[in-house]
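I have placed the structure first, in the form of structure tokens, so that the comments after it can refer back to it.
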Protein chains: 2
Amino acid sequence: MVSGVSITRLNSSAESFNQQLDELLKWEAVSNLNVNQTVAEIIAQIRLHGDEALIKYTNQFDRLSVNSINELAISPEALQAALEQISPEQKQALIEAANRIRQYHEEQKSCSWQYAELDGTILGQQVTPLDRVGVYVPGGKAAYPSSVLMNVIPAKVAGVKEVIMVVPTPDDQVNSLVLAAAAIAGVDKVFRVGGAQAVAALAYGTATIPKVDKVVGPGNIYVATAKRMVFGQVGIDMIAGPSEILVVCDGQTNPDWIAMDLFSQAEHDEDAQAILISPDSSYLEAVERSINKLLPEMERAEIIRQSLSCRGALIQVTDIDEAIEITNRIAPEHLELSIENPEQYLPVIRHAGAIFMGRHTPEALGDYCAGPNHVLPTSGTARFSSPLGVYDFEKRSSIIHFSAKGATKAGQVASVLARGEGLTAHARSAEFRIDKQSMGE
Amino acid sequence: MVSGVSITRLNSSAESFNQQLDELLKWEAVSNLNVNQTVAEIIAQIRLHGDEALIKYTNQFDRLSVNSINELAISPEALQAALEQISPEQKQALIEAANRIRQYHEEQKSCSWQYAELDGTILGQQVTPLDRVGVYVPGGKAAYPSSVLMNVIPAKVAGVKEVIMVVPTPDDQVNSLVLAAAAIAGVDKVFRVGGAQAVAALAYGTATIPKVDKVVGPGNIYVATAKRMVFGQVGIDMIAGPSEILVVCDGQTNPDWIAMDLFSQAEHDEDAQAILISPDSSYLEAVERSINKLLPEMERAEIIRQSLSCRGALIQVTDIDEAIEITNRIAPEHLELSIENPEQYLPVIRHAGAIFMGRHTPEALGDYCAGPNHVLPTSGTARFSSPLGVYDFEKRSSIIHFSAKGATKAGQVASVLARGEGLTAHARSAEFRIDKQSMGE
């Protein structure tokens, strides 16, 4: 039996509110010395012994007994077979979700551009996709096919030629939904490896695992630590903190709906954070009643209860404007504006990973099939970072093509500045291109 | 007296070429345990004691004797005074460079977008600038005004309201060119602090230094280590390795020009890398002669000699196509295509930070006034990253607004997928929005 939830109540008019809010939001990822040492050792071994080390760690950590790396490759036929193995309803849902995600991400593609100056000088920027990307997909109990779609499709839309997926199969447990999602998303190669050893293999390459240019995808502390360590050798996506939702409600949405929206974050794990802000104190009470009413029915009730008790909150404010002010301070991963005419508040929302507008847009739709990415900045990092997108799989090269005339003009500017910095080779390199005859022009 | 340069010669047709090239390019940043501990301690002290610790460290490391943080602020008047203090020629050069940089970066601005689906559902992306950015500018001997322009202007073009610059003034040495550049670029506040303590103050804020959302700008090993450590608390730009140039030449450019272009990278520091590729072996010899002829004239001859001897190379290839192939493998920070009709090769160049095209575009113009940013991905990271740009000071929020009808359709897809992942609160949150009456529509 699950006991009731005691959820923090805050009031923005309280003198200590700012301090209480800071306390509530406080989150610092603990970096563990033991984990760091273990991961550093695993990376060193993979760099030194390649496939051999990868097999050894995989047998050890995933309790397998394979002898060759080929046993760890999943063939394209096996992916197609998985697609036929899942229910027609699931297959259809994956295809519809993939289509919506693809359509949205198509809008994110960048274009190369150039402009010419009067003297014939050309400046521009060339956009190209990354060559090869590694996608980490957790295995075992938290195996999420939606995560395959969200990480692979933007890479493919960007034009990445080769997407390598790694997914551990502890105790030989293969998740058909994950493989089916890989088939639909267009993954090029799949290997049944995981943990820090999989990240290291992707970053440095082995005889079998191709070396990639970027590693994306969620994982446990070992995976996150390995990603941090290989950063620079390859690109990485954000290292995510616990999931969060901030719901702003005017008090007119069915309280059961909002309670369930809060649950949908809280069920991820005990550290997840679900916060509701409303100017209507009786509504906050109604939602609290809904929480206590609905909680016992939930499969992951104990996780939800812990998350809401430790990190959840119901915050009363004077009005929606104040709610938006607090929102900008929190910079939430997920923001639900469950209010009338939410679009009027868009221009004043400065920081949020994704904004779910209106009463019919629960955050859960965004996790699966709305279209936008579900990989979003957590722990206030929406102040400076963005959802995973096509732009994460593209990079830009500056283009500079001076005409002889342009080089003469720019050369004089560069010469003055380079000499001001004491870099005379820079100055002389620019001066060589100055055409003395045309300097006066 | 400077002795001659013994520069590595490679030939792409040699059997061991690939291995030799790997050896040449090898670069791994050493992370130093002592530095790590020192920086961690400095960050902890700044978090704990704020301004007081900042004053203490600044007095200690920069050999100052200030008593109050106000003595470390540089007023807007002082910036304007610096602008009048430098030579008219320098002022004019800074203004022209700033104008060209601003004009180029204006092209990089992103726009918010939305689209509506048939059932009234709206999807989109909102682009907003970061609120506040910190720019680190090294002081002392390597004080580069160009670096101020290159880091500040993109932030201002993005719409960042407040740019805080920190620049150490060891032994009270203030660099007027740096302050003048700050005035021209539109820096909002300047503090005379540096090192890990300045990075920590920007990341966590003190009573006086405002907490920023992102820290950018180059620095020594302490600054780079501090940036790595505060990453997550704030955004950071790339941590740069040594500067590099790769020149591809068809043999028709004045060899003195190319020698000086190689010098312009090599003079940065002993670890800088300058490589020339040409199909013309007699041209490689001509450039080598120019190198030995011009070197004794150079102010930074000893640095150049060491850089070219240890990390430079002259590579002979069969043709320009092969040169481009090797270029893509190297993914250079700076690529000079000193060849006829360089634009024909643009479509096949996949990886380069900046591409300098034609005989009249020395890399040095890009460092100061061409327009594109001089902060570029080093050590092969152009495979997955981009020049610093306006996009680094913007972030995006996904916008999702389902109509009742749209939520009914999407809710069914989300429900199937959420149940497949065992996340029933997600499923029920979506199901609440399914309008049973209209399901068949």
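Letters go in sequence order (proteins before strands), and every chain restarts at 1.
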What residue in B:Lys214, B:Glu107, B:Met298 has the most heavy-atom pairs under 4.5 Å with chain A? B:Glu107
With no hydrogens and no angle check, do the side chains of B:Ser397 and B:Gln125 hold a donor and an acceptor under 3.5 Å apart? no
Tell me, for B:Thr128 versus chain A, whether the close heavy atoms (under 4.5 Å) come from the side chain, the backbone, both or neither. side chain
Using non-hydrogen atoms and a 4.5 Å limit, figure out which bit of A:Ala382 sits close to chain B: side chain, backbone, both or neither. backbone
Can A:Glu431 and A:Arg419 be counted as an ion pair, charged N to O under 4.0 angstrom? yes
Partner chain B: residue of A:Gln265, A:Gln108, A:Glu96 with the largest heavy-atom pair count (under 4.5 Å): A:Gln108
Using non-hydrogen atoms only, which part of B:Trp257 is less than 4.5 Å away from chain A: side chain, backbone, both, or neither? both
Let me know if B:Asp367 has heavy atoms under 4.5 Å from chain A in its side chain, its backbone, both or neither. side chain
Which atoms of B:Arg132 come close to chain A, meaning under 4.5 Å heavy atom to heavy atom: side chain ones, backbone ones, both, or neither? neither
Which atoms of A:Leu94 are under 4.5 Å from chain B, going by heavy atoms: the side chain, the backbone, both sets, or neither? both
Residue part contacting chain A, namely of B:Ser385, when any heavy atom lies under 4.5 Å: backbone
Quick one: list whatever passes side-chain hydrogen bond (donor to acceptor under 3.5 Å, both in side chains) with B:Asn175, sequence neighbours left out. none
Measuring heavy-atom distances to chain B, does A:Leu346 have an atom under 4.5 Å in its side chain, in its backbone, in both, or in neither? both
Of the listed residues (A:Ile239, A:Val234, A:Thr381), which shares the most heavy-atom pairs with chain B below a 4.5 Å separation? A:Val234
Give, as side chain, backbone, both or neither, the part of A:Tyr115 having an atom under 4.5 angstrom from any heavy atom of chain B. side chain
Going through the checks in order, is the ring pair (Phe, Tyr, Trp, His ring centres under 6.0 Å) test met by A:His426 and B:His268? CA-CA 10 Å; A:His426 284 68; B:His268 276 295; 4.7 Å; yes
At a heavy-atom separation under 4.5 Å, does B:Pro377 approach chain A through its side chain, its backbone, both, or neither? neither
Is B:Gln92 close to chain A through its backbone or its side chain, or both, or neither, when contacts mean heavy atoms under 4.5 Å? neither
Residues, nucleotides or ligands: over 12 heavy atoms within 6.0 Å of B:Glu89 CD: no
Do A:Arg228 and B:Arg228 come close enough that some side-chain heavy atom pair is under 4.5 Å? no
Chain A contact via B:Asn328 - which portion, at a heavy-atom distance below 4.5 Å: neither
So which part of A:Asp256 gets closer than 4.5 Å to some heavy atom of chain B, the side chain, the backbone, both or neither? both
Atom group of B:Leu177 that falls short of 4.5 Å from chain A, counting heavy atoms: side chain
Of the backbone (N, CA, C, O) and the side chain (C-beta and beyond), which part of B:Tyr391 lies under 4.5 Å from a heavy atom of chain A, both, or neither? side chain
Holding to side-chain hydrogen bond (donor to acceptor under 3.5 Å, both in side chains), I want the full list of residues that pass it with A:His105, two or more places apart in sequence or in another chain. A:Asn373
Chain A contact via B:Gln114 - which portion, at a heavy-atom distance below 4.5 Å: side chain
What part of B:Ser403 gets within 4.5 angstrom of chain A, counting heavy atoms only: side chain, backbone, both, or neither? backbone
Heavy atoms from other residues, nucleotides or ligands near CD of B:Glu343 exceed 12 (cutoff 6.0 Å): yes
Contact part of B:His351 toward chain A, heavy-atom cut-off under 4.5 Å: side chain, backbone, both or neither? both
Proximity breakdown for B:Gln126 and chain A, heavy-atom pairs closer than 4.5 Å: side chain
